[in-house]
Amino acid sequence: MSGAGWLAALVAAPATTALVLALLLALVGRGLESLFRWAALGVSSAAFAVALALFVSFDPTDTGFQFVTHVPWLPSFGANLFFGLDGIGLLLILLTAFVFPLIFLAVFRSHARDPRYVFAMLVLETGLLGSFASLNLLPLQLFNWMAWAPAAALIGGLGIGPRAERIAAANRLLLSAFTASLLILLATLGLGSLHADQMGFPSLDLVAVPGGGLPSLLDVRIDVPLDVRAGDDAPFWQQPLWLFVAFALGFAIQGPMLPLHVWLPAADRSAPSGVDALLGGVLAKLGIYGFLRVALPLFPGVSAEAAGWIAGLAVVGMLYAGVLGLLRRDLKGIVSSLSIVHLGVVMLGIASLGLEGIEGSVLHLLSHGLAWTGLFLLIGMLAERRGWQELSEFGGIARPMPAFATLLGLVAFAAMGLPPLSGFAGQLLVLLASFGPWPGLTLLATLSIGIGAVALLWGTRRVLFGPVENPANRGLIDLDRRERAVVLAVLVPIFWIGLHPATFLQRLEPSVGELRRVMEQRLALPEPEGVARVAQTVARARVLDDEAQP
Amino acid sequence: MSEAVATDWIRWIPALPLLSAAIHALAIGLLRTPLRVAAATALSCTALGLSFAASFALLLELVASTRPEPALMDDVFTWIGAGRLQIEATLLFDPLAAVVCLLATGIAFFVTLHASATLPADPREEASFQRLLCFLDLATTSLLLLVLAENLAVFFLGWQLLGVCAHLLIGYWYLDARAARGATRVLGVQLIADVALLGTLLLLAWASSETGSPKLGFRGLSASAPALQEQTLGTPMLWSALPGMAALGAQWSVSNLSCIGFVVAAACRAAQVPFQFFARDTARAPAPALALLLTTSGLPAALILLCRVDPLLGAATGVLPWVAWMGVATALLASLAALVQREARRNLVYVGLVQVSLGFVAIGLGAPSAALFHLVTQAACIAVLFLCLATVSRALGLAPHQDLDPTAGGALWRSLPRTHAVFVCGWAAAVGIPFTAGFFSRDQLFLVMALSELPGRAVLQATALAAQAVTAFSITRLWLTLFHGPARHADATRLAAGEGGLGALSPLFVLGFLALFIGWLGPSGALNPFPVADAESNSLANFVTSVLPPFLYDVSHGTERRLAFLLAGVSGAAALLAWRVPDLGSLGLAERLRALRVRLFPPLRRAARALFETPQLIRRAVRPTLRQADRVLLRGVESRVASRRVLTGSSRVVGRSIQHSLRPLQSGQAQGYLLLMLVGTLALLVWLRP
């Protein structure tokens, strides 16, 4: 099988397994718990192996998309099953595929026994993998929903805390995801109609198929500088500003950026073990990925003009979340707040629009995913022993659980961005890139990172150190081999990225360079040439259409 | 600037202690089979010894070099490379690095050896000797990385790791609430230092990238300093947005701004005013850790930072005087705090802080080589004093974590004669008795002060002299109370056995010897009984002259000698005062002194507590703010506005608008949501079918 085939298989395998398991359950009835958890572990591990193979076989010198599959699906809507990877998608796919087997292993003796959990998680995995691999806007949205809906179901159905509270959290998540999807869908329809107007046929492909495919959205003259407003006579849904605003708002909700972050704390608080790791570690990256994949290349002009606002909003969000972290009374809340701080770092890097900034952002996304997965899994392991408690219930845990304390300390240091762990390199690149355009904001961002680190430090100290005053903490059992193996597996890439980020930056640089080239090209495209190019592509498309008709 | 000679050996200097730390961590953390004390000690000592040997071998190569700026360089790998930014993991072995590497590995070796004789019997349940060794090795590695760093990014790596190590060492007895709080507080303050240093790194990278790719190397700093002084930065966006700020918004020199960043970072790391409060928390660490934190791998790292960026500090305007005043203020406060301490280790912590602060004064007056010389002489002296205290604690039957009240000793010179002799060596160097190590370095420091043209020089000099005299008084009192006077402990026989074997004594002897004689590495021409031809400046300063500019002065030998002996006389008088206070009765002064002490000490102690336990200050300022923020942010914005009004409200609107049709599915049951998802997807597919 070719690389493209492997990528499609990687995306499809988890959901297919889930469906087969569900069918089996329907046929056989009860008693398949063991099969479910082993199948989940097996298929997610196999998916990771495939993702790793794709990572290794990825050609870092190629600036285009690799492992491409393009199957027409709904031509009248311009929707195609179009999968492919560049350096950015590759790293996020690798992260997603890496996280799932670890989650299944971490909850192997608890949630993984529940078929509903396994089913929803496998669907969620396909949703995430599909979102990061899709190069067509409509399947991308559908895959997004395949991720959000099971996450909400898991929170509402199997979450933590009183039923009313977790259902409220699930509703909040669904409502936010629905709003985001609606905005993105409207903007997608606007883009599709624009493509149809200019090219004579609709297409929602984000890039052209390598090797001379049909014109994609990149070939459409969507974006013009705001002061030119060439398209002012066009309906508002075809104007770049409104299209960008709809996309940006949708992605900012998924991001989650202040003040649209409200779904994350409640969802994190109520999410069962593993799902919280996904929410903080991977799911929240869908919005940021949307900015990189859709907003920047399609709307370079508006993006450049909105960059200052996005950076400002990101930094205000970082400060706000940092202070919130200081006020939280539970470790999960602190970690969740700190997550928003670091997602702000990522947005700051993207807003810089520079090569170093975007590369740093993607590297930081990877690091953030790993560190937060580790943190939430460790918190879940503690909760399995002690229940979900406020900080005041803990203290001196390091005595009965030394391995837990060591691993939590290391992962927390990675989350804070201490070198030589994973958080440092990406953070440094982002801050270096944003210092030029916004020195004051960058210093505030640095301060926010410091505030977030203090909050996490305070929280971990309250849990790990001090006298063991609560008798319930005295008899706690330390992490067993399986649990230690899970966290150690997270620590390996954390150290790797910290010590040798070049492994990942090498694969990122050509893709980010290409993204920047596309942005610059689209910005610099003079109007007559652009019109001529559009006319050429339209003519080409018509010829192809004519050939296709019998 | 001449090119450095390439070599592959420098990496082994930090790698060996790092390897040792990793093995310790693996043994206790993962395999859960701690090594025996002897094996663990052997592992650490071998790594540190080999690291010392590697440093020494490279030092010989450096000395043999005929280049005007001798330096060796090891390009390990490209650490971070993206776009125009290429950060190399490059290590630089220049004279400054050579001195500090030898000092750090040497002292860490003896501290580890001594710890193996005094600490394994720690009765606290959280104590683990191998964990301590792991942290000590990691702290040494961090310092080595920091001093060997060729660029600011690698330096930052060592700097942050060192902060983490200080946190780990201070929180070694983590079940003790005070130690746990102290460790967190220390790391919190270190984070301020990190933010300041990172901000400065960003500024310098940005400034250099204006003319090409960002440069963070130390070697180019002296060449680029004038350009950085010329380069300016507009007022930051947020500042200029504030009313009235635009009027103030002069263009800021990059050089000045970066120097402010460096000074803030160094002040945080070295517990200088106004960050002096965490010095007290430092005393929670075990004695061997204190011996390291106060001499090489903790507070003095700040001096190394300022030495590294000295070209920039020299080019900046108006920053250095602040450094000098900050140093002297901290020295005075720390000496007064040492005076009123009732615990021996804490007393020594403040004595160590005084010495580091005097180093700041030297740097502030433009004489970094004098600061380095003082760092070298005081390292051996302070380390040996801490190790002696550890031996005394053990001999008195105290657990390592217990406070050592000096008044619990007395007459220990009889039962611990060898420890006492070594303590006297350390004491002599700390007080500055002529021809001991401290005498030579203090002569340099006070000569720098005497010759400086700083406005208010007389006040600065008098304050430093007062700090030195008070320190001499308090350390002498500590020595006398602990080792002399009537015995206030029970069992003299047990004490005799308490000095330990060769493992405990040999480090004391070596460090005691160094405390006496390491100053002979570089006495100035005027004080050197064996003058050499070019000895206007001391030989250590000559050695590091390619990195740190020598302090040039034109003073006759007679004047310099008079100044040196005057200084020694003041310190000696203070020590004599501490010694002879009981005999002042015949002069009718004893009662008056006692009355003065009764009147003076309680307010002084309260003041010291207020200044060095700033948590009170912080609590008063920060807690109400946080509480207010809690009310506004968490309960107001997050809960009421975001959760209830926006989400719950819109949720209701959606719920009503669809006429309860989907409400049965909103049961929180996974099946319901899955069914909804399936039906929705199918409907969409049917609707979208081609």
Side-chain angles (χ1 to χ4, degrees), chain A residues 74-77 116 120 149 152-154 156-158 163 166-167 170-172 175 262 266 323-324 326-327 355-356 359-360 396 398-399 403 406 413 418-420 425 428-429 431-432 435-436 438-444 446-447 450 453-454 457-458 461 464-468 501-502 505 509, chain B residues 29-30 77-85 125-126 153 156-157 160-161 164 171 174-177 180 183-184 187-188 191-192 194-195 198-199 202-203 205-206 209 214 233 236-239 626 629-630 633-634 638 642-643 646-647 650-651 654 666 668-671 673-674 677 681 688 690:
Chain A
L74 301 167
S76 52
F77 285 92
R116 292 174 300 170
L154 283 163
L158 304 172
R163 189 165 174 271
R166 59 180 202 246
I167 287 178
N171 281 343
R172 198 176 293 185
L175 189 66
V262 284
V323 175
L324 267 190
L326 285 176
L327 304 174
L355 186 72
E356 294 90 350
E359 274 191 62
R399 179 64 197 133
T406 310
F413 285 146
L418 293 188
L428 183 68
L429 284 172
L431 294 175
L432 279 172
F435 192 86
W438 312 293
L441 280 182
T442 308
L443 291 178
L444 278 179
T446 314
L447 184 70
V454 168
L457 194 68
W458 177 76
R461 195 264 290 172
L464 299 179
F465 304 140
V468 189
L505 290 172
E509 187 139 334
Chain B
L30 284 182
F77 61 95
T78 299
W79 182 23
I80 302 172
R84 289 184 308 156
L85 182 77
E125 59 174 329
E126 75 270 32
F156 187 70
L157 163 70
Q160 276 212 309
L161 266 182
V164 172
Y174 58 80
L175 292 184
D176 179 350
T184 310
L187 192 53
L191 281 171
I192 302 176
D194 296 345
V195 168
L198 184 60
L202 297 174
L203 179 66
W206 167 79
S209 68
L233 183 75
M237 195 167 70
L238 288 179
W239 281 65
L626 279 181
D630 179 38
L633 293 181
L634 259 182
E638 286 280 304
S643 301
V646 178
L647 283 160
S650 51
S651 188
V654 171
Q666 292 184 334
Q669 297 298 314
Q671 299 95 319
Y673 289 108
L674 285 175
M677 191 179 74
T681 310
L688 291 176

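All chains are named by letter (A, B, ...) in the order of the sequence lines, taking the proteins before the strands, and each is independently numbered beginning at 1.
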Looking at every non-hydrogen atom in both residues, tell me the closest pair between [X] and [Y] and how far apart they are.
| X | Y | result |
| --- | --- | --- |
| B:R84 | A:E356 | N-OE2, 2.9 Å |
| B:A82 | A:L429 | CB-CD2, 3.8 Å |
| A:L432 | B:L85 | CD1-CD2, 3.3 Å |
| A:P467 | B:A177 | CD-CB, 3.5 Å |

Proximal component of B:F156, with respect to chain A [non-hydrogen, under 4.5 Å]: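 B:F156 touches chain A through backbone and side-chain heavy atoms alike.
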Engaged part of B:I192 at the chain A interface, taking heavy atoms whose separation is under 4.5 Å: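 It is neither, since no heavy atom gets under 4.5 Å.
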Against chain A, work out which of [options] has the most heavy-atom pairs shorter than 4.5 Å and name it.
| options | value |
| --- | --- |
| B:A153, B:G81, B:G83 | B:G83 |
| B:V164, B:D176, B:D194, B:T78 | B:V164 |
| B:I80, B:T184, B:L191 | B:T184 |

Between A:L326, A:L447, A:L431, the one whose heavy-atom pairs under 4.5 Å with chain B are most numerous: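 That would be A:L431.
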Residue selection (most heavy-atom pairs with chain B, distance under 4.5 Å) from A:V468, A:L505, A:T406, A:L457: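 Result: the option with the highest number of such pairs is A:L457.
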Set of residues satisfying side chain to side chain contact (heavy atoms under 4.5 Å, CB included) with respect to A:A398, sequence neighbours excluded: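 A:A398 satisfies side chain to side chain contact (heavy atoms under 4.5 Å, CB included) with A:A405, A:L464, A:F465, B:Y174 once adjacent residues are dropped.
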Partner residues of B:V195 under the side chain to side chain contact (heavy atoms under 4.5 Å, CB included) criterion, sequence neighbours left out: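 Expected list: A:T446.
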Atom pair OG1 (A:T442) and CH2 (B:W206), whose distance is rounded to the nearest 0.5 Å: 11.0 Å
From CG (A:L443) to CG (B:L198), nearest 0.5 Å: 9.0 Å
